**Q** 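Let me begin by handing over the structure; questions about it come next.
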Protein chains: 2
Amino acid sequence: MSTTTRREAVRQALDASAGFRSAQDLYAALRAEGSKIGLTTVYRALQALSDSGEIDVLRTDDGEAVYRACGSESHHHHLVCRVCSTAVEVEGPAVERWAAEMGEAHGFTGVTHSVEIFGTCGPCSRRA
Amino acid sequence: MSTTTRREAVRQALDASAGFRSAQDLYAALRAEGSKIGLTTVYRALQALSDSGEIDVLRTDDGEAVYRACGSESHHHHLVCRVCSTAVEVEGPAVERWAAEMGEAHGFTGVTHSVEIFGTCGPCSRRA
DNA sequence: ACGAAAACGAAAATGATTGTCAAAACACCC
DNA sequence: GGGTGTTTTGACAATCATTTTCGTTTTCGT
Ligand SMILES: [Zn+2]
Ligand SMILES: [Zn+2]
Ligand SMILES: [Zn+2]
Ligand SMILES: [Zn+2]
């Protein structure tokens with residue numbers, strides 16, 4: 001139950017980033033700063049953290065899983081920069097309602113939703 | 001430019017299905033019904049069809065790409081069954097507006113969004 | 001029918017993710 | 001401190017969807 005050292009290292013690496021990062025990416029960063037952590041362990045840590053709801057995960061266009069340690073643990077969505085992958089947490093009560101209604105209207109049960117907004121953030125837009 | 005025979009076969013296989021299908025899946029189905037089509041060609045056809053906006057694509061939880069020939073070519077979203085992957089096309093003007101506003105409010109440009117609703121459809125719910 | 005260009009498909013390459021398994025780190029007890 | 005059963009770790013192999021390669025076959029215009 002206690003927070004493992006390795007797992008803590010992965011979490012810190014995530015905390016240090018404002019955007020979504022991939023497992024491979026985090027692994028490279030950790031090794032670069034001297035850690036002897038293994039790739040397998042990074043995957044395991046991310047799996048555990050996302051299972052426990054401590055971090056959010058989403059898929060990039062090419063199917064790669066990317067993770068983020070968000071400030072809020074409550075349900076929210078993201079506005080993600082396509083260039084630097086920085087993300088802003090956003091909420092949308094209207095969207096929550098809409099999704100639930102749609103599901104119910106068509107007789108679906110156990111309804112959930114996946115909502116992400118993509119774009120190019122201010123700094124990256126200017127730089128282009 | 002003309003619609004290739006192979007590409008047409010892939011499209012028909014998709015038309016015949018109410019839900020989202022993976023490339024591997026479509027390949028197996030086509031071979032099963034006697035076609036000599038190659039896996040590479042299925043991937044190429046799906047790529048071309050989705051590039052031209054003729055079919056929709058999304059990623060399953062485990063990152064696999066799945067495709068669907070939707071009735072409407074205009075912008076819409078999906079309510080997808082987790083069990084049989086059948087999908088219903090849905091629209092949400094409020095969501096469109098919300099996503100655009102969020103992007104603008106945070107200084108993002110070229111804003112797009114990805115919105116899907118998941119659940120278990122009526123038939124599959126009953127069967128459980 | 002003839003040659004260039006486009007489409008095909010088999011097989012190899014890629015790349016993220018997962019499975020295996022023995023070694024290392026821990027925890028608890030004597 | 002040493003013994004010992006449990007958990008964590010990491011090197012390496014195995015998966016598996018997707019992409020590349022690269023000859024071969026078709027299609028097309030002439
Ligand atoms: Zn978040
Ligand atoms: Zn939501
Ligand atoms: Zn659709
Ligand atoms: Zn939309």
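Nothing here was measured: the structure is a model prediction, and the numbers come from that model. Sequence lines set the chain letters: A, B, ... in the order given, protein chains first and strands last, and positions in each chain run from 1.
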**Q** Name all residues meeting the side chain to side chain contact (heavy atoms under 4.5 Å, CB included) criterion together with Asp61(B); count only those two or more places apart in sequence or in a different chain, and write none if there are none.
**A** none

**Q** Nearest whole Å is fine: how far is dG10(D) P from Leu46(A) CG?
**A** 13 Å

**Q** OP1 or OP2 of dG10(D) versus the side-chain N and O atoms of Arg6(A): is any pair under 4.0 Å?
**A** yes

**Q** Report the distance from atom CZ of Arg31(A) to atom C1' of dA11(D), rounded to the nearest whole Å.
**A**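 The distance from CZ of Arg31(A) to C1' of dA11(D) comes to 10 Å, rounded to the nearest Å.
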
**Q** Which pairs of donor and acceptor atoms, one on a side chain in residues 106-121 of chain A, lie under 3.5 Å apart (sequence neighbours left out)?
**A**
{"from": "His106(A)", "atom 1": "ND1", "to": "Met102(A)", "atom 2": "O", "distance (Å)": "3.0"}
{"from": "Thr109(A)", "atom 1": "OG1", "to": "Ser125(B)", "atom 2": "OG", "distance (Å)": "2.8"}
{"from": "Thr112(A)", "atom 1": "OG1", "to": "Arg82(B)", "atom 2": "NH2", "distance (Å)": "2.9"}
{"from": "His113(A)", "atom 1": "NE2", "to": "His75(A)", "atom 2": "NE2", "distance (Å)": "3.1"}
{"from": "His113(A)", "atom 1": "NE2", "to": "His77(A)", "atom 2": "NE2", "distance (Å)": "3.2"}
{"from": "His113(A)", "atom 1": "NE2", "to": "Glu96(A)", "atom 2": "OE1", "distance (Å)": "3.0"}
{"from": "Glu116(A)", "atom 1": "OE1", "to": "His78(A)", "atom 2": "N", "distance (Å)": "3.3"}
{"from": "Glu116(A)", "atom 1": "OE1", "to": "His78(A)", "atom 2": "ND1", "distance (Å)": "3.2"}

**Q** Sort me out a list of protein N/O and nucleotides 14-18 of chain C N/O pairs below 3.5 Å, or just none if empty.
**A**
{"from": "dT17(C)", "atom 1": "OP1", "to": "Ala65(A)", "atom 2": "N", "distance (Å)": "2.9"}
{"from": "dT17(C)", "atom 1": "OP2", "to": "Tyr43(A)", "atom 2": "OH", "distance (Å)": "2.7"}

**Q** Can you tell whether the side chains of Glu64(B) and Arg59(A) come within less than 4.0 Å, N to carboxylate O?
**A** no

**Q** Nearest whole Å is fine: how far is dT25(D) P from Arg44(B) CZ?
**A**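 Those two atoms, CZ and P, are 16 Å apart.
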
**Q** Could you list all the side-chain hydrogen bond (donor to acceptor under 3.5 Å, both in side chains) pairs where at least one residue sits in residues 42-51 of chain B, not counting sequence neighbours?
**A**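 Those involving residues 42-51 of chain B are Gln24(B)-Tyr43(B), Gln47(B)-Asp51(B).
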
**Q** Could you tell me which residues satisfy side chain to side chain contact (heavy atoms under 4.5 Å, CB included) with Ser72(A), sequence neighbours excluded, listed by chain and number?
**A**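 For Ser72(A) the side chain to side chain contact (heavy atoms under 4.5 Å, CB included) partners, ignoring immediate neighbours, are Ser74(A), His76(A), Glu89(A).
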
**Q** Measure the distance from OH on Tyr27(B) to C1' on dT19(D) and round it to the nearest whole Å.
**A**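 Distance, rounded to whole Å: 16 Å.
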
**Q** If pairing requires Watson-Crick or G-U wobble contacts with both distances under 3.5 Å, which nucleotide is the partner of dT30(D)?
**A** dA1(C)

**Q** Taking atom P of dT26(D) as reference, at what distance in whole Å does atom NZ of Lys36(B) sit?
**A** 14 Å

**Q** Which side-chain N or O atoms in residues 32-42 of chain A pair as donor and acceptor under 3.5 Å with protein atoms at least two apart or in another chain?
**A**
{"from": "Ser35(A)", "atom 1": "OG", "to": "Ile37(A)", "atom 2": "N", "distance (Å)": "3.1"}

**Q** Nearest whole Å is fine: how far is dA10(C) C1' from Ile37(B) CD1?
**A**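 Atom-to-atom, Ile37(B) to dA10(C), this comes out as 14 Å.
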
